[in-house]
There are 2 protein chains.
Amino acid sequence: MSQNQILQSLIAENLVSDPQGARGRLLTEAARLFREKGYERTTVRDLAAAVGIQSGSLFHHFRTKEEILKAVMVETIRLNTALMQAAMEAAETPKDKLRALVRAELESINGQTGEAMAVLVFEWRSLSEDSQAEVLELRDIYEALWLDVLRTLREQKRLLADPFVVRRMLTGALSWTVTWYRPERGGLTLDGLTDQVMAMLGFPAVA
Amino acid sequence: MSQNQILQSLIAENLVSDPQGARGRLLTEAARLFREKGYERTTVRDLAAAVGIQSGSLFHHFRTKEEILKAVMVETIRLNTALMQAAMEAAETPKDKLRALVRAELESINGQTGEAMAVLVFEWRSLSEDSQAEVLELRDIYEALWLDVLRTLREQKRLLADPFVVRRMLTGALSWTVTWYRPERGGLTLDGLTDQVMAMLGFPAVA
DNA sequence: GACAATACCAAGCAAGCGCTTGGTTTGTAA
DNA sequence: TTACAAACCAAGCGCTTGCTTGGTATTGTC
């Protein structure tokens, strides 16, 4: 299943908003602004202007500003969980599965959904505690994907460190790429970056 | 030189504020609040209340709220650069130097200066562009420490990935520990965590 | 072509924000 | 004691914020 097919089926199930529609367009713009200026510094007037409506009209679609932030996060996690699941199922060996996960997460962070992913990482505290708990629950689903693969590699002695710790280190390392990795200008492609991550973990590229 | 001696000499040179003094106490409380609630959500009234003065009186010590944030960041970098330099000079082999750097950065992030370090990572965008540039310049000094060591290890083929990339991955991985590592409750000590990081990079603990 | 429901606008309210102001207290040193 | 600066207070100004309100287009349905 292609990435686009996955997106389409999630839209059909009403799990994510169509980026063409009014709601989806707002969420896309919100992600962009939240990332660029931070949630607090982005006003409802900014958000409204970005989609060409009045600030008051926002509250027809969302009850509060925070609900917009939460929607950005929830839909992003849903989409990426689905993408990761697909990427991993296509791989065979544990090493290949790990590579697929790394590559998929890098793509989430630095590709189309990058802005929303950055929001997920950096605007965490702007959510109320209740919303945080809700979002956290969704995250657990795809964290399980990682731990499965890492545990297998650990049992095969191909990984020297604890799977939990490694996953958390990778979470930090991969999401941090959003602050420095610029595929457009020069050198490192996404596959190249994936190779570097794998090499760092002791899995050299090619034979 | 002990950590305390380093702090004292920096205070003597007026490079960081004495945490006992009025200014230093404010900066400590500011770091705590900025980390806990984020810079934008922390009001000057919160800051003033934390040190027991009126909100207006803050502006006798700092011209703007942003100046407080900047001071937290600048002083933290100064202190940690000095601590890292000391930690590294005490080590001999490149591997030991790398371990010293990892351990020192983990200590910065999870120890006394942890709150300020978290602010450095997560409140970056709340600084004006000019201030960002200033702070960035200070960071470059201690980034050079890391790159030196990593380059040496790479030349010795004990590191499989590019030193620049590895450093950036480590920046993300180590600063991310602030979100999950809780030394007080259970299991992993700071040395244990350092071992895990080294193991992840292919440097197993002990022989 | 009637009629809801949906989507939006224009205006503005109440609260909270960073910061200023004018004046008082406290510390220090001759 | 006097002189003076540093440290602080009490009050509040001017602005921005998230959100509400009452009303008007636009859209889909039979």
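Chain letters run A, B, ... following the sequence lines, proteins first, then strands; residues in each count from 1.
The CZ atom of A:Phe59 sits 15 Å away from the C1' atom of C:dC9 (whole-angstrom rounding). The CZ-P distance, from B:Arg63 to C:dT20, rounds to 11 Å in whole Å. What separates CG of B:Leu47 from C1' of D:dC8 is a distance of 16 Å, to the nearest Å. Between A:Gln54 atom CD and D:dT20 atom C1' there is a gap of 14 Å when expressed in whole angstrom units. Rounded to a whole Å, the CZ atom of A:Arg23 is 15 Å from the C1' atom of C:dT6. For the pair B:Glu40 CD and D:dT16 C1', the computed distance is 13 Å after rounding to whole Å. For the pair B:Leu26 CG and D:dC8 C1', the computed distance is 14 Å after rounding to whole Å. Note: CD1 (A:Ile68) to C1' (D:dC19) measures 12 Å, nearest angstrom.
When each of B:Ile53 and A:Tyr39 is assigned the nucleotide of DNA chain D bearing its nearest heavy atom, the one mapping closer to the 5' terminus is B:Ile53. When the nearest nucleotides of DNA chain D are assigned to A:Thr43 and A:Gly56 by heavy-atom distance, the more 5′-ward of the two goes with A:Thr43.
Judged by atom type and distance alone, B:Arg45 does not reach the base of C:dG16 through any side-chain donor-acceptor pair under 3.5 Å.
Between the side chain of A:Glu75 and the backbone N or O of A:Ser17, at least one donor-acceptor pair lies under 3.5 Å. Between the B:Tyr181 side chain and the B:Leu190 main chain, a donor and an acceptor come within less than 3.5 Å of each other.
Looking at heavy-atom distances under 4.0 Å, B:Thr64 makes contact with sugar-phosphate atoms alone, never a base.
Between A:His61 and C:dT6 there is no side-chain polar atom (N or O) within less than 4.0 angstrom of OP1 or OP2. Between A:His60 and C:dA7 there is a side-chain polar atom (N or O) within less than 4.0 angstrom of OP1 or OP2. Distances shorter than 4.0 Å separate none of the side-chain N or O atoms of A:Ser57 from OP1 or OP2 on C:dA7.
Remark: A:Arg125 does not engage A:Glu66 in a salt bridge, criterion side-chain N to carboxylate O under 4.0 Å.
Below 30°, between 30° and 60°, or above 60°: for A:Phe122 and A:Trp176 the angle between ring planes is between 30° and 60°, a tilted geometry.
B:Gln54 has its side chain out of reach of B:Val44: every pair of non-hydrogen atoms, C-beta onward, lies at least 4.5 Å apart.
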